[in-house]
Amino acid sequence: MSTIQRSRRRQETDFKILRAVLHIATTQGLGAVTIEEVARSSGVAKTTIYRRYTNTDDMLDSVSRLEAFNLPSLNTLPTPSKQSMMEVFTRMEQAFVYGIGVRTVGMVISSRNDFFRNVLHHGVLPVLQRIGEYFRLGIRQGVFRPDLDIEMLTTMIIGSLVAHHALAEGILDYELTSKEPCNDDVVLPMLTDPFNPEYASTTAYNASAQSSTKVAQEPIVPPSEHASSHAFKQPGMQSRTRKTAQTSAQSSAQSMVTLSMPTAWAQRITEQLWPAISA
C-alpha cells in the first residue's frame, strides 16, 4: 500500500469516528459517547480507536476541534449571480450533510455546552464566513444591494436549512412509526429508500414543477447517520450497520464532487431571496 493510500485510509477512518461521535452526542447525549459505542456505530475497531485516543475525553476533545473535517467544496467561490448563489447554497448544504450532519448544525447553534461550542466554531462558523464573503463580493460587484445585513442574512439561511432538514426528517420518523398508510407517493419513496436505483442520482423530486424533471438532492439522512440511528433500536442490525459505515466515507466523498444540479432547498431559498437582495 502506498503512502497516499495509507493516508487516505486513515482520513476515512478518522472521518467515520468523527461522524459516529457527533451522531451519538446529538441523538443520545454526550454521556452516551464511549469508545465502545463509537466502535459499534462507526464500524471502526476499538483497537484502532485506542491507537488514536487514550480515552473517551481525548477522543471528544479531538472531535470537537473537527480535525478530520474539511470544506473542499467551499474553497473557491464563483462570480456572484443568481445561478451561482444557488450553487453556493448547494455546496453549503452538501458540506453539512456529508460533513458534520445538519442535525449537528442545529444542535451546536443552540447549545452552550463546550463540546458543541467548539464544533460550532470549527465546523459551522467557517461555512457562514465563506457565505458572507460571497455576498460581500457580490456587493462590491454591484450584484447585491449595498445595504444588505450579511450577518442577519446568513443567520436566516442557516436557519432555513436546519428547519428544512428537521421537517423532512420528522416526516420520515412519522411515516416509519405511523399505522396510517402513506398518501404521499412523491416524497416518501426517496426518504425511506434513498438508495433505490430510481433515485440514485436524484433523491428529491420537484412535485410542483410542470414537467417531471428530477432535482438532484443528497439524502435527507446521511447514510452513516441513517444506519447507526437504527442500530441501537433493532437487534441483529449491527453487522449491517458496520458494513454501511465502512463505505460511508467513500460514498460521501463521491457525493461531495457531484454538483451537477442544485438541491431542492437551494433552489427554493434562492428563488425567495433573489428578488429581495439583488441590486
Side-chain angles (χ1 to χ4, degrees), residues 1 3-72 95-127 162 169 221-253 256:
M1 183 183 299
T3 302
I4 295 177
Q5 288 175 321
R6 284 195 295 270
S7 176
R8 183 175 301 168
R9 176 169 294 184
R10 181 179 180 85
Q11 290 175 352
E12 290 177 354
T13 299
D14 289 341
F15 189 71
K16 292 176 187 176
I17 294 171
L18 180 147
R19 284 298 296 263
V21 169
L22 292 177
H23 173 74
I24 296 168
T26 56
T27 58
Q28 302 181 62
L30 281 172
V33 178
T34 64
I35 288 180
E36 290 74 15
E37 195 71 3
V38 170
R40 182 160 50 248
S41 176
S42 66
V44 178
K46 284 196 300 182
T47 53
T48 300
I49 298 177
Y50 274 115
R51 282 199 293 268
R52 284 165 166 75
Y53 312 109
T54 56
N55 51 42
T56 299
D57 289 339
D58 185 29
M59 179 175 63
L60 285 171
D61 179 64
S62 175
V63 168
S64 73
R65 289 181 276 111
L66 301 183
E67 294 176 346
F69 180 60
N70 55 66
L71 301 168
F96 286 138
V97 169
Y98 295 109
I100 64 176
V102 179
R103 183 197 295 267
T104 300
V105 175
M107 174 70 76
V108 302
I109 61 178
S110 60
S111 175
R112 296 183 179 275
N113 178 277
D114 288 341
F115 172 84
F116 290 120
R117 299 301 290 179
N118 279 338
V119 175
L120 172 69
H121 287 291
H122 292 282
V124 178
L125 294 185
V127 177
V162 171
E169 198 167 321
V221 183
S224 58
E225 286 193 14
H226 184 78
S228 56
S229 65
H230 291 281
F232 305 112
K233 302 176 183 178
Q234 302 181 29
M237 287 292 289
Q238 282 77 7
S239 60
R240 181 179 174 185
T241 300
R242 186 179 297 263
K243 182 178 180 181
T244 302
Q246 290 171 344
T247 60
S248 62
Q250 180 180 356
S251 62
S252 296
M256 283 296 294

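Computed over heavy atoms, backbone and side chain alike; hydrogens, waters and symmetry mates excluded.
- Nearest heavy-atom pair across Thr34 and Thr56 is CA-OG1, 3.8 Å.
- A donor-acceptor contact under 3.5 angstrom links the side chains of Arg51 and Thr48, judged on distance only.
- Nearest heavy-atom pair, Thr13 versus Val44, reported as atom, atom and distance to 0.1 Å: CG2-CG1, 3.8 Å.
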How far apart are the C-alpha atoms of Leu60 and Tyr53, what are their side-chain angles, what is the distance that settles it, and do they pass the side-chain contact (heavy atoms from CB on, under 4.5 Å) test? CA-CA 9 Å; Leu60 285 171; Tyr53 312 109; over 6 Å; no

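- In terms of modelled atom types and a separation under 3.5 Å, the side chain of Ser62 and the main chain of Met59 share no donor-acceptor contact.
- Paired with Asp14 under the rule side-chain contact (heavy atoms from CB on, under 4.5 Å), one option of Arg19, Arg9, Arg52 passes, and it is Arg52.
- For the pair Val119/Met107, no side-chain contact is recorded, criterion being any heavy-atom separation below 4.5 Å from C-beta on.
- Taking every heavy atom of both residues into account, Pro126 and His121 meet most closely at CD-O, 3.3 Å.
- Side-chain contact between Val124 and Ile100 is present, with heavy atoms from C-beta onward closer than 4.5 Å.
- Rounding to the nearest 0.5 angstrom, the gap separating the CG atom in Leu30 from the CZ atom in Phe116 is 4.5 Å.
- Contact check for Asp58 versus Tyr50: no side-chain heavy atoms found under the 4.5 Å cut-off.
- Taking every heavy atom of both residues into account, Ala20 and Ser42 meet most closely at CB-CB, 3.7 Å.
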Does Ile49 form a side-chain contact (heavy atoms from CB on, under 4.5 Å) with Lys46? I'd like the steps, not just the answer. CA-CA 5 Å; Ile49 298 177; Lys46 284 196 300 182; 5.5 Å; no

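- Proximity of a side-chain donor or acceptor of Ser41 to a complementary backbone N or O of Val38 within less than 3.5 Å is not detected.
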For the pair Leu120 and Phe115, evaluate side-chain contact (heavy atoms from CB on, under 4.5 Å) and give the outcome as yes or no after the intermediate values. CA-CA 9 Å; Leu120 172 69; Phe115 172 84; over 6 Å; no

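- One distance of note links CZ of Arg40 with CD1 of Ile35; it measures 13.0 Å at 0.5 Å rounding.
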Audit row: Glu37, Val33, side-chain contact (heavy atoms from CB on, under 4.5 Å) steps and yes/no: CA-CA 6 Å; Glu37 195 71 3; Val33 178; over 6 Å; no

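- The two residues Phe15 and Tyr98 have their closest heavy-atom pair at CZ-O, 3.0 Å.
- Among Val108, Ile109, Asn113, the single residue meeting the side-chain contact (heavy atoms from CB on, under 4.5 Å) criterion with Ser111 is Asn113.
- When all heavy atoms of Asp61 and Arg65 are compared, the closest pair comes out as OD2-NH2, 2.6 Å.
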